[in-house]
Amino acid sequence: MVRVQVIAIVTSLLFLANVAYLIHKGRLREEYAFIWIISTFFLIGFSVWREAFDTMAHLFGVYSPPNLIFTGAIFAVLIYLLHLSVTVSKMQQQNKTLAQHQALLQQKISQLKK
Amino acid sequence: MTDKSTIKVAVIIPAYNEEASIATVVGAIHAAGKNAGVNYVPVVVNDCSKDRTGKIIDTLDCIALHLPINLGIGGAVQTGIKYAFENGFEYAVQVDGDGQHPAEQIIHLLEACEHNKWDVAIGSRFITNEGFQSTFMRRVGISYFEWLLLLLTGKRVKDSTSGMRMMNRRTLSLLTTYYPDEYPEPEAIILYAKNNLSFGEVPVHMNERLGGVSSIRSFGSVYYMFKVTLAIIFSYIRG
């Protein structure tokens with residue numbers, strides 16, 4: 001095992017530990033943590049098996065393995081960002097409904113107090 | 001035509017930092033109601049104002065709705081629509097909090113709804129071309145929406161950005177389920193058409209605003225055109 005592999009594996013494990021910590025503290029919901037845990041396993045996997053990218057690049061017919069990494073990673077990030085935008089839109093909608101409901105209830109309460 | 005004095009009309013006033021003009025606007029609505037012999041109930045929606053708007057409306061003779069967070073014009077108006085629908089109002093009309101829409105013109109919208117059996121009456125500045133006519137760039141934008149809406153609904157609406165609208169219960173019921181957040185006016189016309197609501201325009205005379213700033217700022221106008229075009233097209237497709 002060469003030095004870069006050790007560094008990559010240690011970094012990945014630290015990342016995984018951080019994700020676990022965030023879940024433990026209740027600051028990250030499990031469904032969102034899922035994707036981070038999966039990516040960490042990918043990182044560890046590729047750190048251990050260094051030839052994986054060459055093999056896969058060859059399989060996909062990509063000339064240079066780093067290109068495959070960039071294409072794959074950017075695509076995955078874009079999809080995840082779209083998912084987050086959908087989540088934000090949904091939360092905005094829920095927020096709006098809650099705020100309106102609260103305003104209407106507050107008016108009812110002050111009416112009753114009179 | 002039914003007896004006007006038995007009709008309850010909610011006058012929805014979305015207010016964001018309107019401390020300078022809100023008391024005048026509410027007062028004008030009461031006066032106009034008395035003049036017209038119609039029961040106008042001002043419903044002021046305080047969209048989390050940073051100034052004293054909230055405190056002022058609590059002392060006025062009106063229904064005061066306080067939003068805990070700023071929702072923007074569409075969310076604020078929808079709060080008023082929900083209030084009007086839940087509390088059995090026959091009609092609700094949206095009037096701006098800055099004095100642009102004169103209260104004495106509300107009656108014309110109500111009469112148009114009653115007389116023509118319309119579900120929505122839109123107050124338009126561009127039928128008789130009287131009163132405050134907005135800026136040149138805004139009129140260009142309004143012509144573009146007129147064309148876009150004509151293409152999609154087959155109906156000509158000359159002043160699609162006018163917020164002054166009289167809505168009956170059928171319309172209120174529809175809009176409680178969905179109302180656009182930002183710049184809702186042109187998109188709402190697609191909703192009316194898609195849901196087979198009858199609507200038309202009534203000439204009104206608008207003033208220049210008494211205070212506050214328009215929700216459409218000049219640097220945001222490109223975004224405005226783009227956002228509203230998208231919203232109109234998607235509302236049309238969604239059906």
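Predicted, not measured: the structure shown is a model, and the values here were computed from it. Reminder, nothing fancy here: chain letters follow the sequence lines and each chain counts from 1.
Side-chain atoms of A/Gln107 and A/Gln111 form a donor-acceptor pair, as typed in the model, at a separation below 3.5 Å. A donor-acceptor contact closer than 3.5 angstrom is absent between the side chains of B/Tyr40 and B/Lys34.
A/His101 NE2: 12 or fewer foreign heavy atoms inside a 6.0 Å radius.
In this structure, chain A has a heavy atom under 4.5 Å from the backbone of B/Tyr179, while its side chain stays farther away. Both the backbone and the side chain of B/Leu67 come within less than 4.5 Å of a heavy atom of chain A. For chain A, the nearby parts of B/Gln78 are the backbone and the side chain; heavy atoms of each come within less than 4.5 Å.
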So B/Leu109 and B/Arg165, side-chain contact (heavy atoms from CB on, under 4.5 Å) or not? Walk me through it.
-> CA-CA 7 Å; B/Leu109 298 180; B/Arg165 291 173 185 194; 6.0 Å; no

